[in-house]
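In what follows, a single structure is set out as structure tokens and then discussed.
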There are 2 protein chains.
Amino acid sequence: MTTERPGRRATIADIAARAGVSPTAVSFALNDRPGISEHTRARILAAVAELGWRPNVAARALGGRRADTVGLVVARPARTLGIEPFFAQLVSGLQARLSTDLVALQLLVVEDLSAEVDVYRRWAAERRTDGVVVLDLERDDPRPDELVRMGLPAVLVGGDGTPGPMPAVFADDHAAMTSLAEHLAALGHVHVGHVGGIPAYVHSARRVAALHDAGARLGMNITTVPTDFSQDEAAAATRALLARDERPTAIVYDSDVAALAGVTVLAEAGLGVPGDISLASFDDSELVRLAHPPLTAMTRDTFELGELVAETVLSLVRGESVPDVVRAPTPELTVRGSTGRVPEVAA
Amino acid sequence: MTTERPGRRATIADIAARAGVSPTAVSFALNDRPGISEHTRARILAAVAELGWRPNVAARALGGRRADTVGLVVARPARTLGIEPFFAQLVSGLQARLSTDLVALQLLVVEDLSAEVDVYRRWAAERRTDGVVVLDLERDDPRPDELVRMGLPAVLVGGDGTPGPMPAVFADDHAAMTSLAEHLAALGHVHVGHVGGIPAYVHSARRVAALHDAGARLGMNITTVPTDFSQDEAAAATRALLARDERPTAIVYDSDVAALAGVTVLAEAGLGVPGDISLASFDDSELVRLAHPPLTAMTRDTFELGELVAETVLSLVRGESVPDVVRAPTPELTVRGSTGRVPEVAA
DNA sequence: GACGCCGACTAAAGCGCTTTAGCGACGACA
DNA sequence: TGTCGTCGCTAAAGCGCTTTAGTCGGCGTC
């Protein structure tokens, strides 16, 4: 156990004294730099262990070194984050990978994009983080350029798969949505509703495009209703779809939370799933697995995605070469009980 | 906008030069210390704004000041965190309150308690965080004493409401569980199952005690099955309860996620809720509101709880006086469609 | 008119590391 | 034998702030 010194905590000087060397030697030993004999190094490490000493991160960072911290700023209402499995899983994965390298994750939730950029500016000026992870890329998003300008290394999650000003981790939403559309087409569905996300988001737009492309190709009639990802709007969108003259025989939801809201609306309307109408969620998660019936969804390992993003940002801040576009696995179709053949009557 | 200097970023010396004063004056102006005239202060602040300068946090922390960071270490499997609304909401609330004071939240997920203590030790030695938030208090928990020993300020969430070695934010689980028991008793339930949490957790134990106390008082027969909070165990526990000779007419779940698992088991067993059996969840959340039928639950604002905890830890690290026990609002009963009168046959 | 005090400010030290420059000893090489 | 290179290590500067200990001029007091 650590022997508490009276008053102040141990510093590098205490270690040096105890090992009978200079502070420089301690620093060299600690950072695996050459010029310290094995014998001396061992003595130093022993002193470190005995006093339970750790270099003060602030002092370390001051010497122009890294802060060993990666930042994540999310521009969404703080209260809604708690129910987004995607987000929570991503953070868990990020955290898991970062912590193996003793790098901390700094989390911040803000109101909007401009507040988000302000935070980046602050962090960059304060040297608080070595790099950041950027989510929910939008069309003409100001963040990449701003980040380049302020010299804060960043990794984008999402994007359109084309090389941009900074590395991006990209999952092929288009291919994923296409396979979901093909699944529905194979079951005979023609009129398909789509409860989409925020159109400004690049990934939302890409999903809409994919679904409509596939619809055109496979002779399906797609109706997309955009939402802000909230349950209220998802429920309203579902009701709107049900009220259409040509009522859809299947509805695709952009997120798991939205899909659950949809399940509730259908239950209230007395419609059976998949007997009367088929449901599918683009995001898979515990939530849709627990629904009754469990929902057909595009499965991806979001935790793993987080790890991949962390890996990328770690390489980036270390100055290692990072590909412009890191491909994450494409989500794969998991068929569960919520999708079935189109009902006879409506066929 | 900031004028980028060639090479290095602005430091306090640049601001001082621009304002025609000494670095000391800049520091004083920034920290609202007396001894700077209004006129000079204004000139300094103008220079700060023009260069978009922010004090380097590392340099600041090095001067023995605060790190402006609060830590949260969670000893649970990282993958399960993503589906715990309680946890996500708490973090959101914490974050929201901390960020208004520009204090960062450091998140870390570890395997077990001993790894958690190691992280505290590291953080204390590195001066990385000013204080920490401790969750999931256990019986004979080693953490409070260890934290006191290493001099890391901490706030406990949970606990038993008695003053301990450090401030605790306490919600009266006992009273909450009692009101849930009374609700079931009023509906005529006698045989009540309880899918509990990890018995080592103080809050789990307190809930069990409350339920059994109320049972004794109200003539109910309570059967508690402990679980590790996972859905698998919750499902298994539910099946075990259903298989009992004296099948319960109501089941209480300690968490929302567990309750959802229970809903699925009942649906598979062909039992109607609340026709055949009543269900209630101790934790309320979006999840149980979305279930069909929506579940009766004990409602509390976890986001607000997070804010309260943040408030407490902020006071603590600032050296302000903090009560030993901060009382959070007691969760309140929200009756929804999942609890009903005990069925005739079983009554 | 001498003294003390106060307000406004500065010089310099110090926080705990990392890093650069350099030093002495020793062996290799010519 | 002299020189150079290398190894193992140290002295000292420097990172960008905060803080302590002043300095200096003006004003009130007796």
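The chains referred to below are lettered A, B, ... by the order of the sequence lines, with proteins before strands, and numbering in each begins at 1.
Put simply, CG on B:Asp14 is 9 Å from P on D:dG16, counting in whole angstrom units. When the C1' atom of C:dT19 is taken as reference, atom CD1 of A:Ile12 falls 12 Å away, rounded to whole Å. Whole-Å rounding puts the A:Arg128 CZ to D:dC17 P distance at 14 Å. Whole-Å rounding puts the A:Arg54 CZ to C:dG16 C1' distance at 16 Å. Atoms CD1 (B:Ile44) and P (C:dA8) sit 13 Å apart, rounded to a whole Å. Rounding to whole angstrom units, CG of residue B:Leu62 and C1' of D:dC15 are separated by 9 Å. A straight line from CD1 of B:Ile15 to P of C:dT10 spans 15 Å, rounded to a whole angstrom. Going from atom CG of A:Leu30 over to atom P of C:dT18 covers 7 Å, rounded to whole Å.
At C:dC15, none of the side-chain N or O atoms of A:Asn56 fall inside 4.0 Å of OP1 or OP2 (strictly under the cut-off). Contact annotation: B:Arg33 does not reach the phosphate of D:dT18 (side-chain N/O to OP1 or OP2, under 4.0 Å). One finds a side-chain N or O of A:Arg60 lying less than 4.0 angstrom from the OP1 or OP2 phosphate oxygen of C:dT18.
Looking at residues two or more places apart in sequence or on another chain, you find a ring pair (Phe, Tyr, Trp, His ring centres under 6.0 Å) between A:Tyr201 and A:His203.
In this structure, A:Leu316 CG and A:Thr312 OG1 are separated by 8.5 Å, a value rounded to the nearest 0.5 Å. With rounding to the nearest 0.5 angstrom, the CD atom of A:Glu111 is 12.5 Å from the CG atom of A:Asp118.
Fit an axis to the five pairs at each end of the helix from C:dG1-D:dC30 to C:dA30-D:dT1 and the two axes sit 50° apart, to the nearest 10 degrees.
Of all heavy-atom pairs spanning A:Ala154 and A:Leu147, the tightest one is CB-CD1, 3.7 Å. In plain terms, the two heavy atoms of A:Ser37 and A:Thr40 that are nearest each other are OG-OG1, 2.8 Å.
Considering A:Val132, A:Val91, A:Thr129, A:Val309 in turn, A:Val91 is the only one that fulfils the side-chain contact (heavy atoms from CB on, under 4.5 Å) rule with A:Leu72.
In this structure, the side chain of B:Gln95 engages the main chain of A:Val109 through a donor-acceptor pair within 3.5 Å.
In A:Asp112, the CG atom is crowded: over 12 heavy atoms of neighbouring residues, nucleotides or ligands sit closer than 6.0 Å.
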- Counting primed atoms, P, OP1 and OP2 as sugar-phosphate and everything else as base, the B/S/- map of nucleotides 6-13 of chain D against protein heavy atoms under 4.0 Å is --BBBBB-
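Salt bridge annotation for B:Arg143-B:Glu146: absent, with no cationic side-chain nitrogen under 4.0 angstrom from a carboxylate oxygen.
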